[in-house]
Amino acid sequence: MLYSSQYIHTMKETPMDAEAISHQLMLRAGLIRKISTGIYAYLPIGCTVLHKIMEIVRRELNQAGCVELLLPALLPAEPWKKTGRWDLYGKEMFKLTDRSEREFCLGPTHEEIITEVVHRDVQSYRDLPLFLYQIQTKYRDEPRPRFGIIRSKEFIMKDLYSFHATLPSLEEGYHHIYQTYHRIFEACALQVKAVEADNGAIGGSFSHEFVADSSVGETAYALCPHCGWASTLEAAKTSLQSNDPTEDLLTKELVATPQQKTIAEISAFLSQSPDKILKTLLYQNTAGKRFYVVVRGSDSVNETKLKKVIGEEVFLTESDPLIGFLGPVDVPASQIIADTTAIKVQNAVTGASKADHHYLHVNYQRDWRADRIEDIRELQPGDPCPTCGAGVFIQNGLELGHTFLLNDRYTKPLDASFVNESGAMQPMYMGCYGIGITRMVAAVIEQHHDEKGIIWPKALAPFAFEIIPVNITDALQMKTAKALADALTSAGYECLLDDRPVSAGVKFNDADLIGIPIRLVCGKALQKGEVEVKIRKTCEIFTVSVESAIPTLTALYDKQP
RNA sequence: CGGGGAGUAGCUCAGUUUGGUAGAGCGCUUGGUUCGGGACCAAGAGGUCGUGGGUUCAAAUCCCGUCUCCCCGACCA
């Protein structure tokens, strides 16, 4: 393939509005172009990489017994209404109507529609289990798209759905896909961890996120260095035990704390450490019902955990005049949700529900009670690992895949039932498993680049070899370059021959930017009958004779990661 | 949704304070000299200064509206 007949437009300067390294490199190397916020076009070499990823995903899934199909991107509203997600999905869903005012959405995900399809065709347990997947563009109206294709309004996802006759079959299928996912990421040279996760809006019982190490990750998760346990903060149970020695319970005391609203201020003003302070947060549901949420001053509430406990959407109230001086004393226990650690704080400091005042020496049972005592605090670095007790780390990563057990969350409302072995009707058990294909491109670049540009792992490289005749007016250089390209191509390797009439430096820098694994230079060494070989990843350079080049190069390529 | 910043040539940006004929570098075109790490010389092309209105003899510049884009935050009492 001649460079001049390809469509590769590199940029010397980094576009101002690109933050993440992968975003900058994709723009500079000419893989993508921005069309609008969160919407990108894939230029030919970006498109090639995308296809390589899709092929790996297909190969591994097909090998694992999954079957590909293609669902529409434009979806009717009815099934979404049946499962309640037409409203639940909220503003993230692109909704539209056709000319006769029928309601549709651009699919943000496809549980409903696949369930409808399967429901029509599958009537017997003999047809189960079933693993169906598609590679399809998804549409989500993200509140804040960012980092190029990492968080965008339109993206390509591989979504797989499994259907089962029994729960054990579902769990077996889940683990099967879990293993397959590790193989997929490994085949794409991605370092990925499986992390216990929250099920999110999709519903279900347990779940994992597959998270890539990345500096631009938006998924915070806890990791145990000792046993390897990992969990997103939204799902992480905290097993912190308060082992304070028992103190004498002192008499509750009202103190003036003018203008001292934050934990930091009160901690300084009263010389109390934050973990001796009770923080009271006021939440309300959409109907305006109040919830007083109590955690230690040193802790934060994880709202995902809180919402799960409450069982509905709640919002932090910011307008109450007593904010800064709220406390659980004298609040009915039915309105209080306390964290498990909060009730153990003895002789605590807390707001007095009176402006500019706090109480000292407040104690659970005696001074306040909560009807609900739950794990709602966010895990903090150094907290004990729930499985082995070692101190956990917290780090960020980039979510590439997510697996869920959905049970009958969708099959029941959509009436996707089958006749089981004993002849009875029952809803199918369902699992769902996604991989962000477009996001993987960015993740690979995040993990494989240097200051000069991208370093493609060979499984994803748009070309295996890049051949550079230093001077295209030199007949010997061009002839040799073309001969090498032809030989490598007929041996089954994709080659890019940079035939542009530009200076050597331009070609070298573009080659480094684009990141083809092996570069061949036909230049001054040709006088000795040699071509120069550069390995992009290691920057190692050596020469080989033209005659022995092909076997040497193919052997070298086959050894590349 | 809240806050901050920015829209001037394909890209990066200057010019705006203090109103007076539209600028630079890179890129692009043509010719020549170069030819192993983003070469040089010469000649060119390219912008209704995001957009609508207002003030003024005169607006990229001042005022009001509007659109788009980027960043940060999305509330821890």
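Every chain is numbered from 1 and lettered A, B, ... according to where its sequence line falls, protein lines coming before strand lines.
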Write down the partner of [N] under the Watson-Crick or G-U wobble criteria, each distance required to be under 3.5 Å.
N     : value
B:U21 : none
B:A6  : B:U68
B:C1  : B:G73
B:C62 : B:G54
B:C40 : B:G32
B:U16 : none

Between A:Leu484, A:Leu476, A:Asp474, A:Ile472, which is the residue that forms a side-chain contact (heavy atoms from CB on, under 4.5 Å) with A:Cys522?
->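 The passing option is A:Leu484.
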What contact category does [X] fall into here, base, sugar-phosphate, or nothing, at under 4.0 angstrom with non-hydrogen atoms?
X        : value
A:Ser503 : sugar-phosphate
A:Lys261 : sugar-phosphate
A:Val521 : base
A:Lys91  : nothing
A:Glu265 : nothing
A:Lys34  : sugar-phosphate
A:Ile263 : sugar-phosphate
A:Arg33  : nothing
A:Ala525 : base
A:Ser300 : base
A:Asp474 : nothing

Presence of salt bridge, A:Asp512 and A:Lys534, under 4.0 angstrom |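 A:Asp512 and A:Lys534: salt-bridged.
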Between the base of [N] and the side chain of [X], is there a donor and acceptor pair under 3.5 angstrom?
X        : N     : value
A:Asn471 : B:G36 : no
A:Lys12  : B:C26 : no
A:Arg28  : B:G27 : no

Output yes when at least one side-chain N/O atom of A:Lys534 is less than 4.0 Å from OP1 or OP2 of B:G37, else no.
->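 For B:G37, OP1/OP2 do not have a side-chain N/O of A:Lys534 under 4.0 Å.
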Kindly say if A:Ser36 contacts the phosphate of B:U68, meaning a side-chain N or O under 4.0 Å from OP1 or OP2.
->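 False: A:Ser36 side-chain N/O out of range (4.0 Å or more) of B:U68 OP1/OP2.
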Partners meeting salt bridge (Lys or Arg N to Asp or Glu O under 4.0 Å) with A:Arg151 (sequence neighbours left out) |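 Counting only residues at least two positions away or on another chain, A:Arg151 forms a salt bridge (Lys or Arg N to Asp or Glu O under 4.0 Å) with A:Glu142, A:Glu218.
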Pairwise [atom1] distance for [N] and [M], with rounding to whole Å:
N     : M     : atom1 : result
B:G5  : B:G10 : C1'   : 24 Å
B:G47 : B:C13 : C1'   : 15 Å
B:G4  : B:U66 : P     : 16 Å
B:U17 : B:A59 : P     : 14 Å
B:A24 : B:U18 : C1'   : 23 Å
B:G15 : B:C49 : C1'   : 11 Å
B:U30 : B:A45 : P     : 15 Å

Rounded to whole angstrom units, what separation is found between the [atom1] atom of [X] and the [atom2] atom of [N]?
X        : N     : atom1 : atom2 : answer
A:Ile376 : B:C76 : CD1   : P     : 16 Å
A:Glu218 : B:G73 : CD    : P     : 11 Å
A:Phe315 : B:C76 : CZ    : P     : 16 Å
A:Ile39  : B:U68 : CD1   : C1'   : 13 Å
A:Phe508 : B:G36 : CZ    : P     : 8 Å
A:Asn509 : B:C26 : CG    : C1'   : 14 Å
A:Asn302 : B:C75 : CG    : C1'   : 15 Å
A:Ile472 : B:U34 : CD1   : P     : 16 Å

Closest-nucleotide 5' rank along RNA chain B - winner of A:Asp512 and A:Glu19 =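 It is A:Asp512 whose nearest nucleotide is closer to the 5' end.
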Could you pick out which residue, A:Phe147 or A:Arg500, lies toward the 5' side of RNA chain B when each is mapped onto its nearest nucleotide?
->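 The residue whose closest nucleotide sits nearer the 5' end is A:Arg500.
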In terms of the angle between their ring planes, are A:Tyr40 and A:His23 parallel, tilted or perpendicular, with boundaries placed at 30° and 60°?
->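 Judged by the thresholds at 30° and 60°, the geometry between A:Tyr40 and A:His23 is perpendicular.
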Which nucleotide in the set B:G73, B:C35, B:G37 lies at the smallest distance from any side-chain heavy atom of A:Val470?
->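 Nearest to the side chain of A:Val470 among the choices is B:C35.
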Would you please name every residue forming a side-chain hydrogen bond (donor to acceptor under 3.5 Å, both in side chains) with A:Gln560, sequence neighbours left out?
->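 Here no residue qualifies.
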Under the side-chain hydrogen bond (donor to acceptor under 3.5 Å, both in side chains) test, residues paired with A:Arg439 that sit two or more places apart =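 So A:Arg439 forms no side-chain hydrogen bond (donor to acceptor under 3.5 Å, both in side chains) with any residue.
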Minimum-distance pair of heavy atoms, taken over all atoms of A:Ser215 and A:Glu446 =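 Nearest pair, atom of A:Ser215 first, then A:Glu446: OG-OE1, 3.7 Å.
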Under 3.5 Å, N/O pairs linking protein and nucleotides 6-12 of chain B:
residue: B:C11; atom: O2; partner: A:Glu13; partner atom: OE1; Å: 3.3
residue: B:U12; atom: OP1; partner: A:Met16; partner atom: N; Å: 3.3
residue: B:U12; atom: O4'; partner: A:Glu13; partner atom: OE2; Å: 3.3

Using the ring pair (Phe, Tyr, Trp, His ring centres under 6.0 Å) rule, collect all pairs that involve residues 331-358 of chain A, keeping only residues at least two apart or in two chains.
->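 Those involving residues 331-358 of chain A are A:Phe325-A:His358.
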Are A:His9 and A:Tyr7 near enough that their ring centres are under 6.0 Å apart?
->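 So the answer is yes for these two rings.
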Tell me, please, which residues at least two apart from A:Trp368 pass ring-ring contact (aromatic ring centres under 6.0 Å, His included).
->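 For A:Trp368, the residues satisfying ring-ring contact (aromatic ring centres under 6.0 Å, His included) (neighbours in sequence not counted) are A:Tyr364.
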Has A:Lys237 got more than 12 heavy atoms of other residues, nucleotides or ligands less than 6.0 Å from its NZ?
->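 Not buried by this count: 12 neighbours or fewer within 6.0 Å.
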